[in-house]
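Note: hydrogens, waters and symmetry copies are ignored here, and every other heavy atom, side chains too, is used. Here, residue 1 is the first one in the sequence, and each next residue gets the next number.
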Amino acid sequence: MAVNDRFAPGKSMFLPIFFLFLFVSSSTAALVKEQPLVLKYHNGALLRGTVTVNLIWYGKFTPTQRSIIVDFLQSLNPGKTAQPSAASWWKTTEKYKGVAGPSTLAVGKQFLDEKYSMGKSLKNSHLVYLAARGGHAAGAINVVLTAKDVAVAGFCMNRCGSHGSSRGGASRFAYAWVGNSETQCPGYCAWPFHQPLYGPQTPPLVAPNGDVGVDGMVINLAAVLAGTVTNPFNNGYFQGPATAPLEAVTACTGVFGSGAYPGYPGSVLTDKTTGASYNAHALNGRKYLLPAMWDPLTSKCSTLV
């Protein structure tokens, strides 16, 4: 199926920015009674079972940067890690009706495109083309990760990542994209590890893996993966219009710990040695800061701490 230069309506879910709520003062927010948050299930298919995540690295990433991402993905499955863990965060996706058990993520093929085969300014159609390198398997997610010197349509203006679906032959496959915002808009797509562009100017948190851009990518990757599994073909779980839906994580924008309010990510854990902020333990001794996810059993945004 031919794909236009921009994602077709209903096929791509843009990741809302972290500062959607920062224009509301915390004192005003405190006066508003919290209402139940409901993401409607639209009776569509959800990704279940073993979901292969193929990675397309576009541009230059260091081996350390790639390992931060891969370790995160591998940590989403149950393992011998301290609590709270990345795996316990991902386990919330099992509560979504239609998943029928856990969605286990397996890192599949990895493709390196360090020579910028399509240039350093990408349109949406380029993302779909690059994602197709991962194949067209129905039970997979092809993730395009763009380096800090790659511009993408809408990046830093209205999205930090996105996901959608496309057809390859007779099958339809899911794909996602996340960009490294380190040099382009860290205050927009890597908050709370950088001073925000707008709103309350609270001190930034220390990135748990020492890389503001890539630690920010982990947050956005977590959001698009949860959105892809629970709303892969735009007829799963979401609230609002199908062209701009709020999904499992994006419905909980800017929340990382208990007591969060606009401009404040909430109470999280601090590494006593490095001073880094995190809320999830992971494999290989890594730590990550993961966003809140909507829990369908409580109709609230659930945090690890």
Side-chain angles (χ1 to χ4, degrees), residues 1 7-18 20-21 33-53 73 76-78 86-106 131 137-143 159-167 171-178 219-256 260 290-304:
M1 177 182 294
F7 289 149
K11 291 294 184 182
S12 174
M13 281 52 76
F14 297 141
L15 180 64
I17 62 174
F18 286 128
L20 183 65
F21 301 145
K33 184 178 180 180
E34 183 179 2
Q35 299 294 322
L37 176 64
V38 178
L39 302 189
K40 182 181 178 181
Y41 179 42
H42 295 78
N43 299 313
L46 279 63
L47 297 187
R48 64 190 74 183
T50 300
V51 178
T52 301
V53 179
L73 293 172
L76 295 178
N77 299 321
S88 60
W89 175 84
W90 184 253
K91 193 173 178 64
T92 300
T93 62
E94 296 180 23
K95 301 178 182 180
Y96 285 68
K97 181 174 64 176
V99 173
S103 294
T104 303
L105 300 186
I141 306 172
N142 298 336
V143 180
R159 58 176 179 165
C160 304
S162 62
H163 75 89
S165 64
S166 184
R167 286 198 175 276
S171 62
R172 183 163 60 166
F173 67 95
Y175 63 86
W177 157 75
V178 172
I219 293 173
N220 297 319
L221 180 58
V224 297
L225 285 177
T228 303
V229 167
T230 59
N231 187 30
F233 307 118
N234 203 35
N235 55 9
Y237 280 86
F238 64 89
Q239 180 191 81
T243 52
L246 292 179
E247 299 179 320
V249 170
T250 56
C252 303
T253 298
V255 178
F256 296 88
L290 301 181
M293 189 186 308
W294 182 73
D295 187 329
L297 298 185
T298 63
S299 294
K300 294 182 179 179
C301 292
S302 176
T303 59
L304 287 172

Quick check for you: to the nearest 0.5 Å, what is the distance between [X] atom [atom1] and [Y] atom [atom2]?
{"X": "I219", "Y": "L290", "atom1": "CD1", "atom2": "CG", "value": "8.0 Å"}
{"X": "L225", "Y": "N220", "atom1": "CG", "atom2": "CG", "value": "11.0 Å"}
{"X": "T228", "Y": "I141", "atom1": "OG1", "atom2": "CD1", "value": "5.0 Å"}
{"X": "H163", "Y": "Y175", "atom1": "NE2", "atom2": "OH", "value": "9.5 Å"}
{"X": "L221", "Y": "C160", "atom1": "CG", "atom2": "SG", "value": "12.5 Å"}

Which pair of heavy atoms, one from [X] and one from [Y], lies closest together, and at what distance?
{"X": "L47", "Y": "A138", "result": "CD2-O, 4.1 Å"}
{"X": "V224", "Y": "G161", "result": "CG1-C, 4.0 Å"}
{"X": "A260", "Y": "V255", "result": "CB-CG1, 3.9 Å"}
{"X": "C252", "Y": "A248", "result": "SG-O, 4.0 Å"}
{"X": "A226", "Y": "T230", "result": "O-OG1, 2.7 Å"}
{"X": "A292", "Y": "T303", "result": "CB-CG2, 3.6 Å"}

Checking S88 now: which residues fulfil side chain to side chain contact (heavy atoms under 4.5 Å, CB included) with it, not counting sequence neighbours?
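Checked S88 against side chain to side chain contact (heavy atoms under 4.5 Å, CB included); matches are Q83, S85, L304.
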For K91, salt bridge (Lys or Arg N to Asp or Glu O under 4.0 Å) partners two or more places apart
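Checked K91 against salt bridge (Lys or Arg N to Asp or Glu O under 4.0 Å); matches are E94.
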Is the shortest side-chain heavy-atom distance between S165 and N234 below 4.5 Å?
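A side-chain contact under 4.5 Å is absent here.
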Close side-chain approach of W90 and S103, heavy atoms under 4.5 Å
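They are in contact (side-chain heavy atoms under 4.5 Å apart), so the answer is yes.
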Spell out, as yes or no, whether a donor-acceptor pair under 3.5 Å connects the side chain of [X] to the backbone of [Y].
{"X": "N235", "Y": "N43", "value": "no"}
{"X": "W89", "Y": "P291", "value": "yes"}
{"X": "H42", "Y": "G236", "value": "yes"}

Please identify which of these residues, N231, T250, L246, L39, meets the side chain to side chain contact (heavy atoms under 4.5 Å, CB included) condition with F238.
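Of N231, T250, L246, L39, side chain to side chain contact (heavy atoms under 4.5 Å, CB included) with F238 is met by N231 alone.
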List in chain and number order the residues that pass ring-ring contact (aromatic ring centres under 6.0 Å, His included) with W294, two or more places apart in sequence or in another chain; answer none if no residue qualifies.
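Counting only residues at least two positions away or on another chain, W294 forms a ring-ring contact (aromatic ring centres under 6.0 Å, His included) with Y96.
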Test of understanding: with side-chain hydrogen bond (donor to acceptor under 3.5 Å, both in side chains), list the residues that count as partners of D295, not counting sequence neighbours.
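Testing D295 for side-chain hydrogen bond (donor to acceptor under 3.5 Å, both in side chains), a comparison that skips the adjacent residues, returns K95.
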